[in-house]
Amino acid sequence: MSDNEMDEDVLETTDEKRQESKRIFINNVDTYNGRNLSKFLSKCVVGASLEGGEEEAGNEEENGGGEIKKENTYNIYGTVKNSEEYQQPDFVTEIISNQNKEELLEQLMECDVIIYDIIHEPDQVDEACWAISTLNSQAEKIDKPKIFILLSTVMTWAKTKPADPEDPDIPFTEEDFRRRKCHPSYKEHLAAEKTVIKFGKSNKKKLTTYVVCAGLLYGQEENILHYLFKSAWHNNDLCLYGNGKNILPTMHINDLAAVIQNIADQKPKARYIVAVDDSKPTLKQITKAVSKNLGSGKVKPVAKEDALLNKEITQSDFDMISIDLKMDAAFIKENMQIRWVAENGFVENVQKIIKEYKTSRNLIPFKVCILGPPGVGKSTIAQQLAQHYKVHHIHIKDVINQAIENLNKFAKRTENETEKLNEDGDAEVDQEEEEEEEEEEQPDLSELDAINENMESNNGRLDDQYVIKFFKERLMSKPCQNQGFILDGFPKTREQAQALFEPDEQEEEAGEENGSDEEVTKFNKTISPEIIIKLDASDDFLCKRIMNLPEKLVQDTHNTEDGLTRRLSEYRDLNNEDNSVLNVFEEDFELDVIKLGAELVEEDKSFLHKNLVDLIKSNYMKEPRNYGLSSAEKAELKRIEIEQRLLKERQEREERERLEAEEAIERVKKQTEWNEKLEQIKKEEVEYLETQSIPLRNYLMTHVMPTLTKGLIECCKIKPDDPIDYLAEYLFKNNPQVD
């Protein structure tokens with residue numbers, strides 16, 4: 001057989017193994033594990049891992065660039081933990097309700113691969129056991145073979161004793177899984193593992209089961225280790241709970257997803273698989289790596305008992321970071337094709353992991369530069385923007401003062417340490433600890449004398465070489481690289497801009513390696529601003545504005561009439577059309593500059609340039625890129641909100657009571673007036689009736705009563721049988737008006 005024929009046979013075999021799109025069920029796709037597993041698997045072509053991972057890699061890169069999803073990929077179906085707030089992403093095909101077990105079972109019967117994650121979801125243990133037992137009991141109804149994968153945790157190994165007590169450093173592997181002893185809080189997880197393994201032996205042709213024992217997961221937006229990343233991003237010293245010498249078995253979340261992909265594609269013979277990377281880092285090493293590469297570089301020891309005082313750490317998280325366990329993923333290394341994200345572990349790949357963390361949580365630093373003539377309002381606007389977006393306001397005076405202050409502090413500390421060493425020459429020093437504390441680069445004290453001499457010779461001003469150096473150090477600092485910065489009126493000249501933002505050696509080397517990518521070497525992208533705002537106004541307007549400022553704001557500043565005129569003249573000379581700072585950004589660096597012209601600036605009569613600030617927020621900077629309000633700030637806002645609500649309720653109640661009292665008084669007043677009017681009306685009515693009755697009485701007294709009286713007398717005398725008839729007859733006969 002020729003080589004070509006063999007290649008064709010291989011391709012045909014591979015095509016047979018590669019199938020059409022498959023349905024994967026994942027529980028709780030809105031959690032850290034479920035979301036990242038779903039996102040990864042939705043990009044994987046069915047059977048790609050059988051080809052050595054090449055197509056998988058290409059697929060991930062293409063979809064990572066936002067291109068159209070490939071055909072024959074896994075379709076994700078899943079449940080959610082919090083259905084009210086969940087918005088279904090593109091990588092999830094359908095959300096399934098788990099409220100009705102019968103409907104859920106119907107969906108599970110339609111899926112090819114069923115994944116139940118119980119690592120951080122103990123409430124899902126019962127559902128996972130129900131799912132596997134029900135599928136096993138209804139195996140005769142299963143049309144096509146199914147794979148059931150239980151994602152468990154290394155906490156089910158937490159109390160396992162070494163096979164060889166004389167050599168406890170030998171790591172555990174899958175071969176030891178029958179000897180595993182769990183953490184007291186993970187007995188249900190261990191029982192679930194055994195249940196899944198047991199049911200996998202009943203109907204092997206129709207239902208294949210696996211237990212994947214995953215290490216402590218990291219990567220993307222972070223989960224267990226998030227408390228370290230968040231604290232470091234906020235430039236706080238990291239807490240090391242205990243001595244930190246315990247070994248943590250770890251695994252990147254995407255590498256775990258790759259293991260699951262291999263299981264779905266290959267259906268390996270091993271039913272219990274350990275998923276950990278090659279590293280065996282201690283908690284201390286992980287903490288220091290995060291602190292050094294993301295935070296202040298400082299770690300402070302804290303008693304284990306105080307760990308739960310940190311609101312970012314739950315009891316289960318604390319149990320996991322307290323584990324001390326050496327594990328080796330022997331089966332994965334020997335039998336699976338994995339395109340590793342972090343095969344060498346957390347510490348070796350910490351820079352990549354930090355980048356993932358920032359990108360996943362949209363913690364991309366704002367880098368802004370606000371330029372313009374003196375008095376135009378740069379500092380006022382920069383302060384408000386910095387406060388709103390929680391970035392660092394960088395002003396030249398503050399940068400220089402802080403840099404010199406740091407040099408003086410370091411010089412004094414060095415002097416004190418030298419004296420102490422001379423006095424205690426025989427004292428034992430822990431060299432390892434000293435080296436760890438001195439890992440960060442220390443300032444050069446020889447510069448301090450040169451800086452002081454330079455300032456004395458220049459009437460208190462510093463040469464550009466020192467100013468540029470201080471600015472670079474400040475912009476490269478972790479706070480500015482984490483949260484971002486707003487440059488206030490600097491650089492002032494073309495030369496300063498070129499010197500400040502020139503590419504560093506690493507970027508130049510990267511540009512040379514890329515060859516065709518010329519933009520890499522144009523400027524230092526790490527510290528160069530992404531948003532450049534140019535404010536402008538006429539000199540007359542600026543002079544009038546400064547002259548109208550309160551004296552306390554102008555006192556001891558350059559904003560006097562002579563000082564402002566001089567500074568405006570210098571600014572105009574340094575920023576003409578042919579030679580200005582803007583030329584560097586627009587022509588040399590090819591960056592866009594937002595120009596807010598004199599007409600717009602001069603028309604803004606709002607307090608503290610609020611209209612301009614709102615314009616920049618809404619049109620250019622837009623939404624903040626940070627964690628939002630801290631817990632303390634949220635509590636303060638909630639307190640203020642409650643106080644305002646109570647105040648409003650009290651005012652409304654007082655106003656309601658006042659109105660009710662006024663209404664009651666008005667009601668009594670009106671009732672009194674009504675009663676008085678009623679009495680008056682009655683009196684007038686009586687008088688009116690009496691007045692109207694006089695003619696009738698007169699008539700009766702004159703014409704009726706005399707005759708009636710006589711008739712009654714006659715009636716009494718005669719006493720007729722019918723007095724009424726007699727009286728009527730009498731009145732008729734004796735009526736004086738009848739002729």
Side-chain angles (χ1 to χ4, degrees), residues 66 87 233 358-396 471 475 479-492 494 497 500-501 519 522-539 541-542 545 571 575 577 580-630 633 637:
Q87 295 182 350
W233 188 83
K358 288 184 176 181
T359 304
S360 299
R361 291 190 176 268
N362 193 31
L363 299 176
I364 311 302
F366 270 116
K367 294 180 285 186
V368 184
C369 179
I370 300 180
L371 303 172
V376 77
K378 301 185 296 297
S379 297
T380 302
I381 293 174
Q383 287 172 357
Q384 294 179 74
L385 292 175
Q387 184 177 7
H388 177 75
Y389 289 98
K390 295 187 176 180
V391 298
H392 302 277
H393 180 200
I394 310 297
H395 191 275
I396 184 171
F471 262 92
L475 298 183
C480 287
Q481 289 298 306
N482 287 345
Q483 289 83 37
F485 57 83
I486 298 181
L487 285 169
D488 182 358
F490 193 88
K492 299 177 181 292
R494 184 186 187 107
L500 179 59
F501 301 122
E519 290 193 9
K522 284 187 176 180
F523 56 91
N524 188 339
K525 293 184 178 180
T526 306
I527 61 174
S528 295
E530 58 180 331
I531 300 174
I532 302 120
I533 301 171
K534 169 65 164 50
L535 305 174
D536 206 355
S538 65
D539 290 359
F541 174 81
L542 295 174
R545 168 184 282 178
Y571 175 81
N575 291 275
E577 293 184 2
S580 70
V581 178
L582 298 185
N583 296 137
V584 177
F585 292 119
E586 292 180 321
E587 298 173 7
D588 298 351
F589 299 163
E590 297 180 3
L591 298 173
D592 295 329
V593 176
I594 301 164
K595 297 179 180 179
L596 305 181
E599 183 177 351
L600 184 62
V601 173
E602 293 177 13
E603 284 180 356
D604 182 18
K605 307 297 183 184
S606 61
F607 180 66
L608 296 177
H609 307 294
K610 185 178 183 301
N611 292 341
L612 283 176
V613 172
D614 291 341
L615 175 68
I616 295 171
K617 286 180 185 177
S618 59
N619 291 359
Y620 305 113
M621 296 185 70
K622 300 183 180 179
E623 293 298 320
R625 301 195 295 234
N626 53 40
Y627 272 99
L629 298 175
S630 65
E633 290 171 329
L637 284 179

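Model, not experiment: these values are computed from the prediction. Just the heavy atoms: all of them, side chains too, but no hydrogens, waters or symmetry mates, feed the values below.
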So, Lys378 side chain and Ile370 main chain: donor-acceptor pair closer than 3.5 Å or not? no
Between atom CG of Leu371 and atom CD1 of Ile532, what is the distance when rounded to the nearest 0.5 Å? 8.0 Å
Got a donor-acceptor contact below 3.5 angstrom from the Gln384 side chain to the Asp614 backbone? no
Nearest heavy atoms of His393 and Asp488, plus distance in Å: NE2-OD2, 2.9 Å
Side chain proximity check, Phe366 to Leu385, heavy atoms < 4.5 angstrom: no
Once you round to the nearest 0.5 Å, how far does NE2 of His388 lie from CG of Asn626? 8.5 Å
Check whether His392 reaches the backbone of Pro479 with its side chain - one donor and one acceptor, N or O, closer than 3.5 Å. yes
With no hydrogens and no angle check, is any side-chain donor or acceptor of Glu602 less than 3.5 Å from a backbone partner on Ser538? yes
Could you tell me which residues satisfy salt bridge (charged side-chain N to carboxylate O under 4.0 Å, His left out) with Arg625, sequence neighbours excluded, listed by chain and number? Glu530
Test salt bridge (Lys or Arg N to Asp or Glu O under 4.0 Å) on Glu586 and Lys595 and set out the steps. CA-CA 12 Å; Glu586 292 180 321; Lys595 297 179 180 179; 3.4 Å; yes
Would you say that more than 12 heavy atoms from the other residues, nucleotides or ligands in this model lie under 6.0 Å from the CG of Asn619, or not? yes
State whether a side-chain donor-acceptor pair under 3.5 Å links Asn482 with Lys358. yes
Do Val376 and Phe541 come close enough that some side-chain heavy atom pair is under 4.5 Å? no
Heavy atoms, side chains only, cut-off 4.5 Å: are Leu535 and Ile381 in contact? yes
Is there side-chain contact between Leu487 and Leu475, with at least one heavy-atom pair below 4.5 Å? yes
Please test Tyr620 against Ile533 for side-chain contact (heavy atoms from CB on, under 4.5 Å), starting from the C-alpha separation and ending with a verdict. CA-CA 10 Å; Tyr620 305 113; Ile533 301 171; 5.6 Å; no
Any sub-3.5 Å donor-acceptor pair from Lys390's side-chain atoms to Pro624's backbone N or O? no
Mind checking whether Phe589 and Phe501 have parallel, tilted or perpendicular rings, split at 30° and 60°? perpendicular
Any heavy-atom pair between the side chains of Ile531 and Ile486 that's under 4.5 Å? no
What do you reckon, is CD of Glu587 surrounded by more than 12 foreign heavy atoms closer than 6.0 Å? yes
Donor-acceptor contact below 3.5 Å, side chain Glu590 vs main chain Lys522: no
Go through the structure and list residues passing side chain to side chain contact (heavy atoms under 4.5 Å, CB included) with Asn575, not counting sequence neighbours. Tyr571, Ser580, Val581
For the residue pair Tyr389 and Gln483, establish whether any side-chain heavy-atom pair is separated by less than 4.5 Å. no
Measuring from Ile594:CD1 to Met621:CE, what's the distance to the nearest 0.5 Å? 9.5 Å
Going by heavy atoms in the side chains, are Ser528 and Cys369 under 4.5 Å from each other? no
Over all atoms of both residues, closest heavy-atom pair of Ala537 and Val601: CB-CG1, 4.3 Å
Would a distance-only check, ignoring hydrogens and angles, find a side-chain to backbone donor-acceptor pair under 3.5 Å from Arg494 to Val584? no
Report yes if some heavy atom in the side chain of Phe471 is under 4.5 Å from a heavy atom in the side chain of Ile527; otherwise report no. no
